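These notes are about the structure you will find just below.
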2 protein chains.
Amino acid sequence: MNDTKKVGRPKKFDRHQAVEDAIGVFWTKGYDGASMKLLTDAMGINSPSLYAEFGDKAGLYLEAIDHYANDDACEPLVALEREADIKDAVTVFLGAVINYSTSHPSGAKGCFLASCVSTSAGNVKGAANLLQDAIKGTDARIQARFDLEKARGTLPADFPSADQARLLFDLRQGLVFRARAGISDQELRQGITTAVAAVLASAYTAALR
Amino acid sequence: MNDTKKVGRPKKFDRHQAVEDAIGVFWTKGYDGASMKLLTDAMGINSPSLYAEFGDKAGLYLEAIDHYANDDACEPLVALEREADIKDAVTVFLGAVINYSTSHPSGAKGCFLASCVSTSAGNVKGAANLLQDAIKGTDARIQARFDLEKARGTLPADFPSADQARLLFDLRQGLVFRARAGISDQELRQGITTAVAAVLASAYTAALR
DNA sequence: CTTTTTTTGTATCATTCATTACAAAAACCT
DNA sequence: AGGTTTTTGTAATGAATGATACAAAAAAAG
């Protein structure tokens, strides 16, 4: 991208990598638990560099949230969009959520947004807004998959895709909450079938209403 | 209970009230964000009294979790058990969750367990275990209501009450997550009907499987 | 009334916190 | 090479943190 040679001593760190390292610390320790020492150690930079790059701790945090929320490569969502069959898609989505929240490479459990940012939402200015945007963005991305399926005729035309999208995402919060508490992926997986049925059930019960 | 006169200067605080005041601080600020100053101010005691009573900050925290998790009077659960009709019960349960997580008297948003304890689960020794117990206890309490309904014949005998209980509780985490992010109770309420249908749908779709 | 016991209140402790001053280092520019 | 610019690394800042020491206070016991 912007690898154009600039005057002055070159930076020793990659901005994206630094933010992702910071996410790992925030995610495991929470905003207040993530001390500058933990952050700089994990990011491999020293505090003056951090301050020059991100302003302050809160600035880094907001950028971490933004980076995390706008990561189009989020595995569960990609899986939801990848699988051809809608039932498979929802199933694989939930499986990916469980993988993600129980065995993330960073070692963190749960979800950065649900298990860290939510706690800090009222305490770090700007965090709540970013969190709301992330939630609504994910709702919309899930709904888009359902809408696609309606266009294909695989889901009935009156399938309430917005409602069911929120429902699926809400269910996900329950899974990552359990994962954060230390419940095993094996135990979590037992609920997948039920959840898939609940999310897609309105396709079958619609006629009954 | 133990109001038996004891020798020595009497305590100036009520233990239960102090713990509940502490919960309010932890809930809004998180474990690390809840400083001793904030805690002692809210509890109306000074730090030596706090340390004498609870050992240290972590001790107070664990007691707060225990107190919160074993509160049988939890409004949403009481409502779930109170309503005669099962559909009404689930509807009122979710409504109570929304009230609770958007307008709690303490001013805190979300849920103490989902929006505070979950973040600290890996960082405060003992918290994760208490959290798991709280989750499984709530699962069981919800399931009991479904089982009661099966015994009454209102729900079919093959209604998967354990699975649907976990589903309902997971859905709840999604609601309190949204509440913590600042989404209004009005907006949250729009999803209730869909959620109720999803939780009880297997009663109607069972025949189709 | 004195002693004993327990809690309170104040004042303080060493640590850790987020943040910054400043000089050496490493690049490009002329 | 000499000058300019930007980042690094070290070291230090004041403020806030969790936790205590200790004396005064308030009750029952003797």
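Just so we're on the same page: letters track the sequence lines, and every chain starts at 1. Computed from a prediction, not measured in an experiment: that's the story for all the values here.
- Rounded to a whole Å, the CZ atom of A:F13 is 10 Å from the C1' atom of D:dT8.
- Taking atom NZ on A:K37 and atom C1' on D:dA12, their separation rounds to 16 Å, with Å as the unit.
- Looking at every heavy atom in both residues, A:F26 comes nearest to A:L39 through CZ-CD1, 3.9 Å.
- Mapped onto DNA chain D by nearest heavy atom, A:P10 and B:M36 fall at different nucleotides, with A:P10 at the one closer to the 5' end.
- A cation-pi arrangement is absent between B:K136 and B:F169 under the rule of less than 6.0 angstrom and at most 45 degrees off the ring axis.
- The phosphate of D:dG9 (OP1 or OP2) has a side-chain N or O of A:K12 nearer than 4.0 angstrom.
- Counting all heavy atoms, side chain and backbone alike, B:Y31 lies closest to B:C116 at N-SG, 4.0 Å.
- Between the CZ atom of A:R9 and the C1' atom of C:dA27 there is a distance of 9 Å, given to the nearest Å.
- Look at NZ on A:K29: it is 13 Å from P on C:dT16, rounded to the nearest Å.
- When distances run from any side-chain atom of A:K11 to the nucleotides C:dT6, D:dT8, C:dC17, the shortest one goes to D:dT8.
- Ion pairing of A:E53 with A:K11 is present here, as a side-chain N (NZ or NE/NH1/NH2) and a carboxylate O approach within less than 4.0 Å.
- Rounded to an integer number of Å, the gap from CG of B:D32 to P of D:dG18 is 8 Å.
- Ion pairing between a basic and an acidic side chain is recognised when a charged N comes within 4.0 Å of a carboxylate O; A:K29 and B:D32 show no such pairing.
- With respect to the salt-bridge test (charged N to carboxylate O, under 4.0 angstrom), the residues A:E75 and A:R82 qualify.
- Using a 4.0 Å cut-off on heavy atoms, the residues of residues 40-60 of chain A that approach DNA chain C are A:S47, A:P48, A:Y51, A:D56, A:K57, listed by number.
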